[in-house]
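So the structure is just underneath, and the comments pick up after that.
All ligand and atom numbering here is 1-based and tracks the order in the structure. Atom set for the values below is all heavy atoms of this structure, side chains included, hydrogens, waters and symmetry mates excluded. Keep in mind that what you see is a predicted model, and the values were worked out from it rather than measured.
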Amino acid sequence: MTNWQELAQNYFMNTAERIPVTLVKGKGAWVWDDKGRKYLDFVAGIAVVALGHASPVIAEAVRKQAKTLIQVSNLYYTVPQVQLAELLVKHSCLQKVFFCNSGAEANEGAVKLARRYGHKYLKDAYEVISVTGSFHGRTLAMVAASGQAKHQEPYQPLPCGFVNVQFNDIDAIKKATTDKTCAVMLEPIQGEGGVNLPKEGYLKAVREWCHQKGILLIFDEIQTGIGRTGTLFAYEQYGVEPDVMTLAKGLAGGVPIGAIMAKEKASVFVPGEHGSTFGGNPLACAAGYATLKYILDHDVVSNVKKVGQRLLEGLKKLKQKYQFITDVRGLGLLAAVEFNREMAKDVLMACLENGLLVNRVKPGAIRLMPPLIVTEKEIDEALRILDKVLAKFA
Ligand code: PLP
C-alpha cells in the first residue's frame, strides 16, 4: 500500500504542520482515510464544506456545468455568474458583486476598492484600519492587514497603508482615524484568531463612526458568511450593515470561489481597474448557485441555529465538568474551547484516535466548525467523543 504521507515529504513545500492522516473520501459530516477508518469531521475543510462531503447537489451542478462550459473569462457574460450574483444580492444588504477565487483575493480586492473610493471621494485617503487578532489571508497585503505578529514577522517589510488597533475598542479606532483613512476592516466574529466575539455594541459603534467620517466599513465574512453563524450573514445578528463584504469558504460548498460585495455607492471600480482570469468561472459559480439555493430553499440556517445551540450547550456542560476548560464561546456552528494550558494539539490527536476531527486554532484552544447540515445525532456523537477524550486529561 502506498505511503502517501512519506511520499508527500519528497515533494511538498514545508508550509503546513499536517495531521498524519490521508483522507480519501467523504459523505455528509463524515470522512474516511486510506486505511478505511471513519471520522466525524468537525473541521469541514476549515469552515468550508457547507452541505457536507460529496453533496449530491453540488456534484450534480458541477457535473452538468463541466459538461457544458467550464471557463471563458470575464471578457464575456455567463449564465451561472449572473444567477449567483442575483441570488447574493437578493439575500443580502449589498447591491454589486465581483467574483474571484479565494478569501485572500476577495479581501485584496476589497482593499483596492476602498482605495479607489478614497481616491474618488476622500482626497486620496488610502489607509485601512484593522484590529488585533484578525485574519484576512496570506497575501502580503492581507498579512499586513491581519493583526497577528506571527504571520507578519517572517515577511517584513510589509506593504504600507494598514493600521492595526486593539479589537473590541471603539476608541482605538477613533484615535487611529485620520484624513488618510478610507476604511475599517473587521471580521464580525474573528475565526482564525480563536472565535472571538465582538463586545455588545462594538460593531454598531464602528458602523456609526464610519458613517460619521464618511469612510467605508468592510466586513470580512469569509468564515462567518453563508449560514455559518445561524443567519445567512453574521452582520444580520448585530443589526449592522457593512458597505463592503467579502465571502469565500462556504460559498460554493468546497469548490474554490471568492466574492467582494458592495453597496451601490461603494462600487467604484471602472472597467480595467480590477479583474481575474478564473474569477466567476461558470464551474465555480454553478457550484455556488447550487449551494446557496439549497441553503435558502431548505432553510439550512435554522438547522445551524438549532444544532449550533445544542453544540454550545454541550460544550458548556463539558466546561462545568472539566476545570481545565477556561472558556467556551461561539455562535451557530463556529465554536471554540479554550484550555488553561497549551494542550490543544494533544486533544486534537486524542480526538483523531477516537474518530473525531477538530481544529487547533491556538496552542490552548480547539475550534469546531462542522458542515451546516450536521445532525443533532452527530453533534451528540462529537460531544460524546470529546467528553471521553477530555476525561483522560483530567
Ligand atoms: N478571511 C477570513 C476571515 C478567513 O477565515 C480566511 C481563511 O481562513 C481568509 C480571510 C483567507 O481565505 P483564503 O484562505 O481562502 O485565502
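- If you look at R138 next to ligand 1, there are no close heavy atoms at all, none under 4.0 Å.
- In this structure, the side chains of F42 and M369 stay at 4.5 Å or more apart for every pair of heavy atoms.
- Atom 8 (O) of ligand 1 has K249 NZ, 3.0 Å as its closest protein atom, hydrogens excluded (heavy atom only).
- Using modelled atom types and a 3.5 Å distance limit, the side chains of E187 and N196 yield no donor-acceptor pair.
- Aromatic ring orientation, F167 versus Y202: perpendicular (interplanar angle above 60°, classes split at 30° and 60°).
- Near G103, with a cut-off below 4.0 Å to any heavy atom, the atoms of ligand 1 are 12 (O), 13 (P), 15 (O), 16 (O).
- Of the candidates G258, A104, G191, the one placing a heavy atom closest to atom 16 (O) of ligand 1 is A104.
- Residue N107 has at least one heavy-atom neighbour below 4.0 Å for each of these atoms of ligand 1: 1 (N), 10 (C).
- Between the side chain of Y235 and the backbone N or O of C93 there is at least one donor-acceptor pair closer than 3.5 Å.
- With a 4.5 Å cut-off on side-chain heavy atoms, Q95 and S267 do not count as touching.
- Under 4.0 angstrom from ligand 1, there are no non-hydrogen atoms of E105.
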When you look at Q5 and T22, which way does the side-chain hydrogen bond (donor to acceptor under 3.5 Å, both in side chains) test go after all the steps?
CA-CA 7 Å; Q5 289 166 43; T22 305; 3.0 Å; yes
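- Protein heavy atoms all stay at least 4.0 Å away from atom 14 (O) of ligand 1.
- The single protein non-hydrogen atom nearest to atom 5 (O) of ligand 1 is Q223 NE2, 2.8 Å, given as residue, atom name and distance.
- Listed by number with element, the atoms of ligand 1 under 4.0 angstrom from any heavy atom of I222 are 1 (N), 2 (C), 4 (C), 6 (C), 9 (C), 10 (C).
- Considering V48, D220, I189, N101 only, the shortest heavy-atom separation from atom 1 (N) of ligand 1 involves D220.
- Side-chain contact check for L94 versus V89: every heavy-atom pair is 4.5 Å or farther apart.
- One finds no salt bridge joining E353 and R37 here, because no Lys/Arg side-chain nitrogen approaches an Asp/Glu carboxylate oxygen to under 4.0 Å.
- Here is the list of ligand 1 atoms found below 4.0 Å of a heavy atom in E187: 3 (C).
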